[in-house]
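Each chain gets a letter, A, B and so on, in the order the sequences are listed, and its residues count up from 1.
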Number of protein chains: 2
Amino acid sequence: MIALRHLRYFIAVAEEGHVTRAALRLGIQQPPLSQQIRAMEAEIGVALLNRLPRGVELTEAGRVFLAEARLAILQVEHAVEAARRTARGEQGRLAVGFTSSAAFHPLIPAVVRAFRQISPQVDLLLEESSTGELIAGLQKGQLDVAFLRVPLGDTAGIRIEALLQEKMLVALPAHHPLVGKRAPKSIALARLADETFILYRRPTGPGLYDTIIAACRAAGFSPRIGQEAPRMLSTLSLVAAGLGVSIIPESMRRLDTEGIAYIPLAGAGGLVAPLHLAWREAHPSGAATRLIAHIRQMVREQ
Amino acid sequence: MIALRHLRYFIAVAEEGHVTRAALRLGIQQPPLSQQIRAMEAEIGVALLNRLPRGVELTEAGRVFLAEARLAILQVEHAVEAARRTARGEQGRLAVGFTSSAAFHPLIPAVVRAFRQISPQVDLLLEESSTGELIAGLQKGQLDVAFLRVPLGDTAGIRIEALLQEKMLVALPAHHPLVGKRAPKSIALARLADETFILYRRPTGPGLYDTIIAACRAAGFSPRIGQEAPRMLSTLSLVAAGLGVSIIPESMRRLDTEGIAYIPLAGAGGLVAPLHLAWREAHPSGAATRLIAHIRQMVREQ
DNA sequence: ATATTCTATATCAAAAAAGTATGCTTATGA
DNA sequence: TCATAAGCATACTTTTTTGATATAGAATAT
């Protein structure tokens with residue numbers, strides 16, 4: 001069976017035109033080199049060298065084989081380098097997931113843009129889905145990293161790290177009495193006791209939904225739920241349509257401003273929207289490790 | 001140092017997702033296979049596999065390496081195949097030389113055309129030069145095969161084989177008295193005793209030139225040499241210009257017919273133009289062997 | 001818990017590669 | 001032309017590498 005050693009030896013002999021000199025260069029003796037070359041010729045079934053009184057010369061087949069053998073060696077080196085680059089996270093593919101509400105936080109496009117720039121050879125696959133599906137995706141290895149609001153469900157084997165916490169805003173229809181002529185600087189949660197709430201909730205489990213209800217209870221009332229929107233974005237549409245009020249993370253202010261007044265909560269007792277980063281505990285890829293480190297740095301510098 | 005064995009083993013493990021099963025497929029035991037894979041990972045410095053409770057899975061680096069390793073194996077196989085094809089004469093380059101007078105024989109273009117068709121992957125390099133240079137080219141390995149008329153000079157290490165013999169024609173100016181109104185069917189050499197001869201001769205030594213002079217002597221006269229043309233083709237131009245007569249191989253009739261009458265020699269005693277094939281005795285290339293065999297066949301069938 | 005399924009480790013045997021000594025062929029130079 | 005040197009091949013030995021066997025260790029599945 002042909003080995004890379006055979007190719008390396010042959011290339012040396014071809015380049016030197018001389019078995020003894022090639023052996024010197026390879027750091028072995030001449031007889032084993034002669035043997036290896038002959039063994040390879042026997043294996044291929046073709047004479048690659050003409051043995052001359054002084055040195056050797058390539059046959060036509062030898063010339064062709066030399067060129068191809070060099071390519072083979074290069075390809076092996078390329079394979080090794082590609083693996084190393086991939087392990088260093090400079091190459092490969094990286095699947096990043098995020099929940100719809102996290103998608104609106106400016107950190108995420110900033111991270112994606114920055115990572116694309118520093119690791120152009122990594123294919124970033126971005127995928128938006130629910131928290132539950134993100135966690136499952138991580139566990140199944142379909143995702144490498146995910147941004148989510150509140151971790152929930154079975155997070156076995158998943159590392160979760162808090163990145164930041166956002167303040168919450170009250171979203172009111174623009175013509176709501178509480179907004180008045182000039183929107184107030186802030187509003188206390190208790191003043192929303194009689195409002196109808198529009199909240200975002202996924203069937204998969206608790207999330208911001210429960211945090212908000214708990215905060216209302218703490219403020220002394222039990223919120224009346226008017227509607228549960230299927231997607232975070234629809235919540236704001238319903239508020240704009242005047243169907244009720246909602247409480248949303250600050251970063252969502254960027255959206256759908258038409259017809260909505262955003263007012264900070266006064267002394268928001270524990271009512272904050274966290275942003276978490278999640279990744280597989282076991283065997284993170286080089287690119288994932290790199291991305292995580294980069295995210296941490298961006299959060300720190302922010 | 002990485003070996004092809006490592007790549008083959010790794011590919012098997014990657015494809016099976018299972019060391020034990022891959023070992024079975026490779027016809028070795030599981031422990032050495034595990035060892036070889038680990039040795040290669042150590043060599044590269046990168047984890048290619050994640051060891052799971054049941055079987056193994058590829059890391060991102062492993063996936064990249066798998067694809068590249070497959071290419072490396074293919075390239076090695078390609079190298080071997082290319083060498084074999086070259087040895088069989090199906091690929092490579094082949095330098096064919098011929099003297100100017102041989103170039104006019106229809107066998108040569110026919111051979112070239114036929115060989116191009118049956119061996120399209122062989123690059124044919126055609127080169128016209130003098131007999132002496134052809135022989136030297138063969139000896140130096142610059143040429144693989146040569147067509148020539150009369151072998152001369154130092155032919156050490158050269159195999160020469162007679163392909164065919166052509167009749168000779170007398171070339172006369174169209175208005176020469178011997179041609180008359182209707183050209184005669186043939187003409188005896190002795191009748192040219194008083195003519196001026198225009199002959200082709202290269203400085204390198206004897207050739208057709210001497211054959212012709214010897215034939216004249218045998219016919220009872222010593223030819224008067226009017227001019228020695230540097231190239232076979234110029235001979236005919238000089239004849240057409242009325243400067244004398246010449247004796248040429250039959251196949252040259254195809255050229256420069258304007259102003260020249262070609263008349264066969266009556267009972268041409270030994271006055272024939274041979275065509276020889278010459279090639280290096282030592283280490284003929286596959287393509288050369290193939291070409292030579294093909295030429296012989298074409299001559300036989302002709 | 002216990003069996004089962006896999007990979008890892010340790011030790012030994014076999015095979016392959018490298019080393020040493022020397023032979024054989026062919027050119028080179030006195 | 002004869003001796004010498006250059007350079008590849010062959011024969012044999014030593015070392016290294018690869019593979020086999022036995023068994024441990026980890027983890028899931030029953």
What is the distance from [atom1] of [X] to [atom2] of [N], rounded to the nearest Å?
| X | N | atom1 | atom2 | answer |
| --- | --- | --- | --- | --- |
| Met1(A) | dG19(D) | CE | C1' | 17 Å |
| Glu43(A) | dA16(C) | CD | P | 12 Å |
| Asn50(B) | dT7(C) | CG | P | 13 Å |
| Gln29(A) | dA11(D) | CD | C1' | 16 Å |
| Arg21(A) | dA6(D) | CZ | C1' | 11 Å |
| Gln30(B) | dT21(D) | CD | P | 12 Å |
| Ile2(B) | dT18(D) | CD1 | C1' | 16 Å |
| Arg5(A) | dT17(D) | CZ | P | 11 Å |

Exercise for the section: Would you indicate, yes or no, if dT7(C) has its OP1 or OP2 atom less than 4.0 angstrom from a side-chain nitrogen or oxygen of Thr20(B)? Expected result: yes
Handout entry: N/O (side chain, Arg51(B)) to phosphate O (OP1/OP2, dA8(C)) under 4.0 Å
Key = yes
Is it the case that the side chain of [X] and the backbone of [Y] share a donor-acceptor pair, with hydrogens and angles ignored and the cut-off at 3.5 Å?
| X | Y | result |
| --- | --- | --- |
| Thr86(B) | Val64(A) | no |
| Arg290(B) | Glu90(B) | no |
| Ser130(B) | Glu133(B) | yes |

Measuring from atom [atom1] of [X] to atom [atom2] of [Y], what distance do you get when rounded to the nearest 0.5 angstrom?
| X | Y | atom1 | atom2 | answer |
| --- | --- | --- | --- | --- |
| Leu143(B) | Leu138(B) | CG | CG | 5.0 Å |
| Leu291(A) | Asp144(A) | CG | CG | 9.0 Å |
| Arg280(A) | Arg159(A) | CZ | CZ | 13.5 Å |

Exercise for the section: Would you indicate which nucleotide in dC8(D), dT20(C), dT9(C) comes nearest to any side-chain atom of Val19(A)? Expected result: dC8(D)
Fill in the blank from the handout: Ordered by number, residues from residues 32-39 of chain A within less than 4.0 Å of DNA chain C (heavy atoms) are Pro32(A), Gln36(A)
Fill in the blank from the handout: Residues in residues 6-18 of chain B with a heavy atom under 4.0 Å of DNA chain C, by number, are His18(B)
Practice task
Evaluate whether atom CZ of Arg93(A) has more than 12 neighbouring non-hydrogen atoms of other residues, nucleotides or ligands under 6.0 angstrom away.
Solution key: no
Exercise for the section: Would you sort out whether Glu41(B) and Arg51(B) count as a salt bridge (charged side-chain N to carboxylate O under 4.0 Å, His left out), showing the intermediate values? Expected result: CA-CA 13 Å; Glu41(B) 285 180 300; Arg51(B) 276 72 174 176; 2.8 Å; yes
Exercise for the section: List the protein contact pattern of nucleotides 25-30 of chain C with one symbol per nucleotide (5' to 3'): B for base contact, S for sugar-phosphate-only contact, - for none; contact means a heavy-atom distance under 4.0 Å. Expected result: -SB---
